[in-house]
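The block underneath contains the structure these notes are about, expressed in C-alpha cells.
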2 protein chains.
Amino acid sequence: MTEQQVIDALGALAQETRLRILRYLVSKGQVGAAAGDISAQVSASASRTSFHLSALADAGLVTATRVSRSIIYRVDFNAMGSLIGYLVKDCCKSDPRVIRCC
Amino acid sequence: MTEQQVIDALGALAQETRLRILRYLVSKGQVGAAAGDISAQVSASASRTSFHLSALADAGLVTATRVSRSIIYRVDFNAMGSLIGYLVKDCCKSDPRVIRCC
DNA sequence: CTCCTATTTCAACAACTATTGAAATGTTGC
DNA sequence: GCAACATTTCAATAGTTGTTGAAATAGGAG
C-alpha cells in the first residue's frame, strides 16, 4: 500500500456520512447493500449518497456491483485490513501501546 | 472515543506532510522532536510545519511541551491506539480479515 | 536591555470538498 | 416502445483546507 493510497483511504473515512456508510456496510458483510438502501439508512439524498459511495469506492474501501436495477455496495475488508495494518506497522512501528488496542 | 474525535483524527492523518510528521515523531518515541527539527526533516517551512503540528495536536494525536526556546512534540501512542482500536472494533466489528493485518 | 533563536500567528489567496436539486443514464416489466 | 424505478452526473454554490511570506510572541545569552 503506497503512502498516497493510505492518505486517500484516511481521507475517505474522515467524513461523517462516509463513516456511517462504512459502518452500515460492515454490518451487512458479504451481502452488502443497494445504494437506495444505504441512502435511507444514513438519511442522505440519493445524489449525496452516490457522491460519498464514489469517494469510498475511489479510495478502494468498497466495491460496487450492478445487480438488476440496483447497485450493491460491499466493504472490502482486505482493503480495510491493509489500511489498519499500515497504521499499526509502518506508521506506528507496532508499538505495544497501539497493538494493545486491537 | 466519540465519532467526531475519530473523524478529526482521521482527517489529521489524511495529509502528506502530517503523515510524514507523525512517522518521524513515531521514530523519535518518548524523546520527541522540536518543531524546528521536524520542519527540517519534512522539508517544510516553519509556518507550514507549525500549522500541521497544530492540526495534529488539535486532533489529540501529538502533545506539545515547551522546553526552553524549543517546543517538543511527541506522538500520543495511546491516542493512536484508541483510533486504531475504534477502526478495528467499533467500525470493522473485529472482522478476522482486518484483525489478521495487525 | 538588546540581540538572537525558536516558534506561532496572521492575512491573502488558491485549491479542494460537500450539498443541493435538476437532468441524464441504465434496467426491468408490460 | 413506454412507463416506472434505481442510480449517477452535472452545475452552482458555500464552506473548508493548505500555502506563502511577513509580522508578532516568547525565551535565553551577553
Side-chain angles (χ1 to χ4, degrees), chain A residues 3-25 28 31-76, chain B residues 3-25 28 31-76:
Chain A
E3 186 176 283
Q4 193 53 56
Q5 287 176 315
V6 171
I7 290 169
D8 291 346
L10 289 169
L13 292 178
Q15 210 281 345
E16 192 181 344
T17 304
R18 288 196 295 265
L19 195 55
R20 270 194 279 159
I21 289 175
L22 193 102
R23 282 164 65 84
Y24 179 57
L25 287 179
K28 290 301 210 168
V31 176
D37 173 9
I38 298 167
S39 179
Q41 285 292 326
V42 306
S43 319
S45 72
S47 78
R48 190 174 152 201
T49 305
S50 179
F51 169 80
H52 289 303
L53 282 170
S54 295
L56 288 167
D58 288 350
L61 297 176
V62 307
T63 60
T65 324
R66 182 175 279 279
V67 175
S68 174
R69 275 190 282 216
S70 297
I71 297 181
I72 305 297
Y73 285 89
R74 293 184 181 84
V75 176
D76 183 336
Chain B
E3 186 176 282
Q4 193 53 56
Q5 288 175 314
V6 171
I7 290 169
D8 291 346
L10 289 169
L13 291 179
Q15 210 279 345
E16 193 182 342
T17 304
R18 288 196 292 266
L19 194 54
R20 272 195 278 159
I21 289 174
L22 194 101
R23 283 164 65 86
Y24 179 57
L25 287 179
K28 288 302 212 167
V31 176
D37 173 9
I38 298 168
S39 180
Q41 285 291 327
V42 305
S43 318
S45 73
S47 78
R48 191 173 150 203
T49 305
S50 179
F51 170 78
H52 289 303
L53 283 169
S54 293
L56 288 167
D58 288 351
L61 297 176
V62 307
T63 59
T65 324
R66 182 176 278 279
V67 175
S68 174
R69 273 188 285 211
S70 298
I71 296 180
I72 305 297
Y73 285 89
R74 294 186 181 81
V75 176
D76 183 334

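Keep in mind that what you see is a predicted model, and the values were worked out from it rather than measured. Every heavy atom of this structure was used, including side-chain atoms; hydrogens, water molecules and symmetry mates were not.
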Quiz item: Is there a donor-acceptor contact under 3.5 Å from the side chain of B:S50 to the main chain of B:A46?
Solution: no
Quiz item: Taking CG from A:L53 and P from D:dA6, how many angstroms apart are they, rounded to a whole number?
Solution: 16 Å
Self-check item: Which atom of A:A33 lies closest to which atom of A:K28, heavy atoms considered
Solution: CB-CG, 4.2 Å
Quiz item: For B:S39 and C:dT7, is the shortest distance between a side-chain N/O and OP1 or OP2 below 4.0 Å?
Solution: no
Quiz item: Which one, D:dG28, C:dT28, C:dT7, comes nearest to the side chain of B:I71?
Solution: C:dT7
Self-check item: Residue pairs, two or more places apart or on separate chains, that pass salt bridge (charged side-chain N to carboxylate O under 4.0 Å, His left out) and touch residues 8-20 of chain A
Solution: A:E16-A:R20
Exercise. Give one of base, sugar-phosphate or nothing for B:S50, where a contact means two heavy atoms less than 4.0 Å apart.
Key: base
Quiz item: Does some side-chain heavy atom of A:L56 sit less than 4.5 Å from a side-chain heavy atom of A:H52?
Solution: no
Quiz item: Quick one: on DNA chain C, does B:T49 or A:R69 contact a more 5' nucleotide (nearest heavy atom)?
Solution: B:T49
Quiz item: Nucleotide by nucleotide, 5' to 3', does protein get under 4.0 Å of the base (B), only the sugar-phosphate (S), or neither (-) in nucleotides 12-25 of chain D, counting heavy atoms?
Solution: ------BBBBB---
Exercise. Return no unless some side-chain N or O of B:S68 is found under 4.0 Å from OP1 or OP2 of D:dG27.
Key: no
Practice problem: Identify the two heavy atoms, one from A:L25 and one from A:Y73, that lie closest to each other, and give their separation to 0.1 Å. | Solution: CD2-O, 3.4 Å
Quiz item: Reckon A:A34 touches a base, only the sugar-phosphate, or nothing at all at heavy-atom distances under 4.0 Å?
Solution: sugar-phosphate
Quiz item: Does B:S39 use its side chain to pair, donor to acceptor, with the backbone of B:A35 at less than 3.5 Å?
Solution: no
Quiz item: Is any side-chain N or O of B:Y73 closer than 4.0 Å to OP1 or OP2 of C:dA6?
Solution: no
Practice problem: Under 4.0 Å between any heavy atoms, over every strand shown, what does A:A46 touch: base, sugar-phosphate, or nothing? Just pick one. | Solution: base
Self-check item: Among A:L61, A:V75, A:V42, side-chain contact (heavy atoms from CB on, under 4.5 Å) partner for A:I21
Solution: A:V42
Practice problem: In whole angstrom, give the distance that lies between atom CD of B:Q41 and atom P of C:dT7. | Solution: 13 Å
Self-check item: Relative orientation of the end axes in the helix from C:dC1-D:dG30 to C:dC30-D:dG1, expressed as an angle to the nearest 10° (five pairs per end)
Solution: 20°
Self-check item: Atom of A:V62, atom of A:L53 and distance for their closest heavy-atom approach
Solution: CG2-O, 4.1 Å
